[in-house]
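Have a look at the structure below, then the notes.
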Amino acid sequence: MKVAIASDHGGVRIREEIKALLDEMGIEYTDFGCDCETSVDYPDYALPVAEKVARGEFDRGILICGTGIGMTIAANKVKGVRCALCHDVYSAKLTRMHNDSNILAMGERVIGPGLAREIAKAWLETEFEGGRHAWRIGKIADYENKHL
């Protein structure tokens, strides 16, 4: 598995925690920034990661900002992306099992580093169930193909 990871200024600390987790899990990743805690624009980080995941250059992506909301909105504008904002382990598992999410978003100002690690680990380890859920994901893809 290859993961693209990025944050804006509001997610720098948790991004470092998640990179350490990826190292521990032996998962290959590329860090797309940002490298500062001064204000930057989240779309500048969310959109390149989302595009790389959508093109298949990376299997999954992880995005972090203050709340995770901005990153989620931006990433979901890219055709083929299913970015899920998760602040609990249960949602992280279910978004993989039922929604085949390919990008995880989290908010550093909402959760702490320990919980962020648990969420990311659960999301990375959980597989898509397929079956009836694949049909539903197909409906979304059909809409994207017709309208985006």
Side-chain angles (χ1 to χ4, degrees), residues 1-12 14-19 21-23 25-36 39-111 115-148:
M1 180 186 313
K2 287 176 49 178
V3 174
I5 186 169
S7 73
D8 71 358
H9 58 283
V12 171
I14 284 185
R15 189 180 85 240
E16 293 304 316
E17 287 288 331
I18 301 306
K19 286 167 45 179
L21 172 68
L22 293 169
D23 287 335
M25 294 178 72
I27 295 174
E28 181 183 346
Y29 67 90
T30 300
D31 182 355
F32 291 94
C34 81
D35 294 322
C36 64
S39 184
V40 297
D41 298 331
Y42 61 83
D44 295 341
Y45 298 90
L47 293 171
V49 166
E51 289 171 349
K52 290 174 186 314
V53 171
R55 285 193 301 262
E57 295 174 33
F58 290 85
D59 302 300
R60 298 201 201 156
I62 298 176
L63 298 170
I64 306 147
C65 64
T67 63
I69 296 168
M71 290 289 202
T72 302
I73 291 169
N76 279 322
K77 296 298 181 186
V78 176
K79 182 178 175 181
V81 166
R82 292 175 305 282
C83 180
L85 173 59
C86 296
H87 290 138
D88 63 86
V89 173
Y90 179 76
S91 296
K93 287 181 182 179
L94 268 286
T95 192
R96 284 289 310 131
M97 291 169 63
H98 294 184
N99 310 115
D100 197 19
S101 61
N102 51 11
I103 298 181
L104 169 67
M106 295 182 285
E108 182 170 307
R109 295 177 187 147
V110 178
I111 58 173
L115 181 54
R117 287 174 64 101
E118 289 178 41
I119 290 166
K121 187 173 191 302
W123 185 77
L124 290 162
E125 291 179 339
T126 302
E127 295 297 326
F128 178 51
E129 285 184 351
R132 71 184 190 275
H133 305 295
W135 174 252
R136 295 166 183 160
I137 298 303
K139 285 185 172 189
I140 295 168
D142 288 346
Y143 181 88
E144 286 179 329
N145 289 331
K146 289 178 188 172
H147 300 286
L148 298 181

(message) Are the side chains of V3 and F58 in contact, using a 4.5 Å heavy-atom criterion?
(response) no
All heavy atoms of N99 vs all of R82, minimum pair found to be O-NE, 3.2 Å
* Assess whether side-chain contact (heavy atoms from CB on, under 4.5 Å) is satisfied between I111 and D88, documenting all intermediate values. => CA-CA 9 Å; I111 58 173; D88 63 86; over 6 Å; no
Rounded to the nearest 0.5 angstrom, the OG1-NE2 distance for T67 and H87 is 7.0 Å
* To do: Mind running side-chain contact (heavy atoms from CB on, under 4.5 Å) on H133 and M97 for me, showing each step along the way?
  => CA-CA 8 Å; H133 305 295; M97 291 169 63; over 6 Å; no
Ionic contact status for K19 with E16, cut-off 4.0 Å: yes
| With no hydrogens and no angle check, is any side-chain donor or acceptor of H9 less than 3.5 Å from a backbone partner on V40? | yes
Can E17 and R117 be counted as an ion pair, charged N to O under 4.0 angstrom?
yes
Worksheet entry | Validation row: Y143, N145 side chains within 4.5 angstrom (heavy atoms) | no
Does the pair C34 and Y45 meet the rule for a side-chain contact (heavy atoms from CB on, under 4.5 Å), with working shown? CA-CA 7 Å; C34 81; Y45 298 90; 3.3 Å; yes
Can you find a heavy atom in the side chain of R15 that is under 4.5 Å from one in the side chain of I5? yes
Compile the donor-acceptor pairs under 3.5 Å between side chains in residues 48-55 and protein atoms, sequence neighbours left out, one pair per line.
unit_1, atom_1, unit_2, atom_2, d
R55, NE, E57, OE2, 2.6
R55, NH2, E57, OE2, 3.0

Between R96 and T126, is any side-chain donor less than 3.5 angstrom from a side-chain acceptor? no
So, does R136 use its side chain to make a donor-acceptor pair with the main chain of H98 at under 3.5 Å? no
* Run the side-chain contact (heavy atoms from CB on, under 4.5 Å) check on D59 and K2 step by step: do they pass? -> CA-CA 5 Å; D59 302 300; K2 287 176 49 178; 3.8 Å; yes
